[in-house]
Amino acid sequence: MNKRLQSINIPVFQTDLLEWYYLNKRDLPWRREPNPYKTWVSEIMLQQTKVDTVIPYFNRFMEKYPTVYDLAKADEQDVLKSWEGLGYYSRARNLQTAVREVVDTYNGEIPNNEKELASLKGIGPYTKGAILSIAFNQPVPAVDGNVLRVFSRILQIEDDIAKQSTKKEIEQYVGEIISHQDPSSFNQAIMDLGATICTPKKPTCMFCPVMEHCQAFQHGIQEQLPIKKKAKKQKIKQYVVLLIRNDQGEYVIEKRSDQGLLANLWQFPMVPLDEVGIDQIEQWMYDKCGIDLQMESDCDNLKHTFSHIIWEMDIKKASTSQNFLNKDSLMFIAKEEIDNFPFPVSHQKMMKFL
DNA sequence: AAGGCGGGGGC
DNA sequence: GCCCCAGCCTT
């Protein structure tokens, strides 16, 4: 056994953790009448996203797409609409790609082995382990941010948890500590522990079922762990956003590229000010989109922060006498119809000006 | 190994 | 303002 693991009594640790979990586990939609599909969908939605945010999305999604077959045959735009506001939209597109592969290649049965699961789009090391353990009760680690934090404290691991080597190390430890009696509950227990007690700031160690096993607690350094290097600052990008109305009361919307940021979502036309001067907007819109527009009035300034960019948007109203556009990615749409399209949150904030 | 990829909430 | 969240994919 590894030296670091000698600090804990594994059978006692498992019992302490699982008994706490059986009494205190959270009542979550994907834990009621679970099946591998529900586990899968929930795990994708929960990537980098808090439980409270996910719950309403999950419930709506399962109502609309109860099985892999329903999701496989759905229109991608409808799936994105269901995902609207949840962020990281490639998750939704990858999920649908993977579900279609499950239907086509695996007869609709979600694979229960590492190799086939890992080959599916959007399923990485964590999600693979989560599905194998939670849905199929296999003793496989599922190392997410919670698990990294909890075990960096329990085992007093002072390496940067952002590093690949640290993740592998912790994954190996979890593989040795995980309960073979109830691996599903074990992994979920660690996550519940991380979400409710072993929190990033001010962990409530007094309520922790495994405090006696925790190296960091014994040394009083739980708030110093885990070690993680700081994120980089976001770059600012400035845009003019145009609310272009024609004389039928319709507005121009455009579909974003099928890759990159907010792929395949719709938005109001955006003019990047690092490429186009403020006095060249009309000409640029005509050259690029074939829209002959007239600037009307200033509307508002909005700032929207992503994980890696900050958009500073100057919203302006404009008008055009056209009512037809010669491009698939551009269209006129009546105000009442705009709800049918998936929009990023940044542009939803502009709807009130229409 | 590093960067792209959303949005919300806590402090 | 900063940090974090049931991470994955591409380069």
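All of these numbers come straight from a predicted model, not from anything done at the bench. Only this structure's heavy atoms are used, side chains among them; waters, hydrogens and symmetry mates stay out. In the text below, chain A, chain B and the rest are named by the order of the sequence lines, each starting its count at 1.
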message: By the 4.0 Å heavy-atom rule, please label A/F306 as base, sugar-phosphate, or nothing.
response: sugar-phosphate
- prompt: Where the side chain of A/K229 is concerned, which of B/dA2, C/dC5, B/dG7 is the nearest nucleotide?
  reply: B/dA2
Pairwise P distance, B/dC5 and C/dA6 [rounded to whole Å]: 23 Å
query: Is A/S42 touching bases, backbone alone, or none of the nucleic acid, heavy atoms closer than 4.0 Å?
result: nothing
- prompt: Could you state the OH-C1' distance from A/Y126 to C/dC5, rounded to the nearest angstrom?
  reply: 12 Å
- request: Would you classify A/R256 as touching base, sugar-phosphate or nothing, given that sugar-phosphate means primed atoms plus P, OP1 and OP2, and contacts are heavy atoms under 4.0 Å?
  value: nothing
message: With a 3.5 Å limit on both atom pairs, tell me what C/dC2 is paired to, counting Watson-Crick and G-U wobble, or say none.
response: B/dG10
- request: Run the numbers on A/D144 and A/M191 for side-chain contact (heavy atoms from CB on, under 4.5 Å), then give the verdict.
  value: CA-CA 8 Å; A/D144 68 339; A/M191 294 186 231; 3.9 Å; yes
N/O contacts under 3.5 Å, protein versus nucleotides 8-11 of chain B?
none

- request: Provide, to the nearest angstrom, the distance between the CD atom belonging to A/Q48 and the P atom belonging to B/dG3.
  value: 16 Å
field: For atom CG of A/L95 and atom P of C/dA6, their distance in whole Å
entry: 19 Å
message: Just N and O in the side chain of A/H308: are any of them under 4.0 Å from OP1 or OP2 of B/dG4?
response: no
message: Taking the minimum atom-to-atom distance to the side chain of A/T127, which one of C/dC8, B/dG6, C/dA6 wins?
response: C/dC8
Contact list (N/O, under 3.5 angstrom) for nucleotides 9-11 of chain C vs protein:
from: C/dC9; atom 1: OP1; to: A/G122; atom 2: N; distance (Å): 2.5

Lys/Arg-Asp/Glu bridge criterion (N-O < 4.0 Å) met for A/K352, A/D300: no
statement: Walking DNA chain C from its 5' end, the first of A/A231 and A/V143 to be reached, judged by nearest nucleotide, is A/A231
query: With sugar-phosphate meaning primed atoms plus P, OP1 and OP2, does A/K163 contact a base, only sugar-phosphate, or nothing at under 4.0 Å between heavy atoms?
result: nothing
- prompt: So does A/R245 pair up with A/E296, basic N to acidic O under 4.0 Å?
  reply: no
query: Checking all strands, does A/I190 fall into the base, sugar-phosphate, or nothing category for heavy-atom contacts under 4.0 angstrom?
result: nothing
query: So which nucleotide from B/dG7, B/dG4, C/dA6 ends up closest to the side chain of A/L28?
result: C/dA6
query: Is A/V147 touching bases, backbone alone, or none of the nucleic acid, heavy atoms closer than 4.0 Å?
result: nothing
field: Reference residue A/Q267; test side-chain hydrogen bond (donor to acceptor under 3.5 Å, both in side chains); the match among A/K255, A/Q348, A/R256
entry: A/R256
Separation of the P atoms in B/dG3 and C/dC3, to the nearest angstrom: 16 Å
message: In whole Å, I'd like the distance from the CG atom of A/L86 to the C1' atom of B/dG7.
response: 8 Å
query: B/dG6 P sits how many Å from A/L265 CG, rounded?
result: 8 Å
message: Heavy atoms only, 4.0 Å cut-off, all strands: where does A/W30 land among base, sugar-phosphate and nothing?
response: base
task: Rounded to the nearest angstrom, tell me the gap between atom CD1 in A/I161 and atom P in C/dC3.
output: 13 Å
message: So A/R26, base contact, sugar-phosphate only, or nothing? Heavy-atom distance under 4.0 Å.
response: base
- request: Take atom P in B/dG6 and the same atom in C/dT11, then report the distance between them in whole Å.
  value: 16 Å
message: Pair A/T320, A/F332 - check side-chain contact (heavy atoms from CB on, under 4.5 Å), show working.
response: CA-CA 11 Å; A/T320 178; A/F332 280 108; 3.9 Å; yes
field: Integer-rounded Å distance: C/dC4 C1' and A/Y88 OH
entry: 11 Å
task: Determine the contact category for A/K128: base if any of its heavy atoms lies under 4.0 Å from a base atom, sugar-phosphate if only primed atoms, P, OP1 or OP2 are that close, otherwise nothing.
output: nothing
field: Electrostatic pair A/D339:A/K81 at N-O distance under 4.0 angstrom
entry: no
message: Please pick, from C/dA6, B/dG6, C/dC2, the nucleotide with the shortest atom-to-atom distance to any side-chain atom of A/K233.
response: C/dC2
message: Looking at the base of B/dG7, is there any donor atom on it, or on the side chain of A/S307, that sits under 3.5 Å from an acceptor on the other one?
response: no
Parallel, tilted or perpendicular: rings of A/H347 and A/F343 (30°, 60°): tilted
Results of ring pair (Phe, Tyr, Trp, His ring centres under 6.0 Å) for A/Y239 - residues two or more places apart only: A/W311
query: How about A/Q248: does its CD atom have over 12 heavy atoms from other parts shown lying under 6.0 Å from it?
result: yes
- request: State the CD1-CG distance between A/I170 and A/L155, to the nearest 0.5 angstrom.
  value: 7.5 Å
Between P of C/dG7 and CG of A/L46, the distance in whole Å: 8 Å
query: Would you say the base of C/dA6 and the side-chain of A/R91 have a donor-acceptor pair closer than 3.5 Å?
result: no
message: Quick check on DNA chain B: between A/Q164 and A/F343, whose nearest nucleotide comes earlier from the 5' end?
response: A/Q164
Sidechain N-carboxylate O distance under 4.0 Å for A/K64, A/D70: no
Phosphate-side-chain proximity, A/R149 and C/dC4, N/O vs OP1/OP2 below 4.0 Å: no
message: Over 60° means perpendicular and under 30° means parallel, so tell me whether A/H213 and A/F13 are parallel, tilted or perpendicular.
response: perpendicular
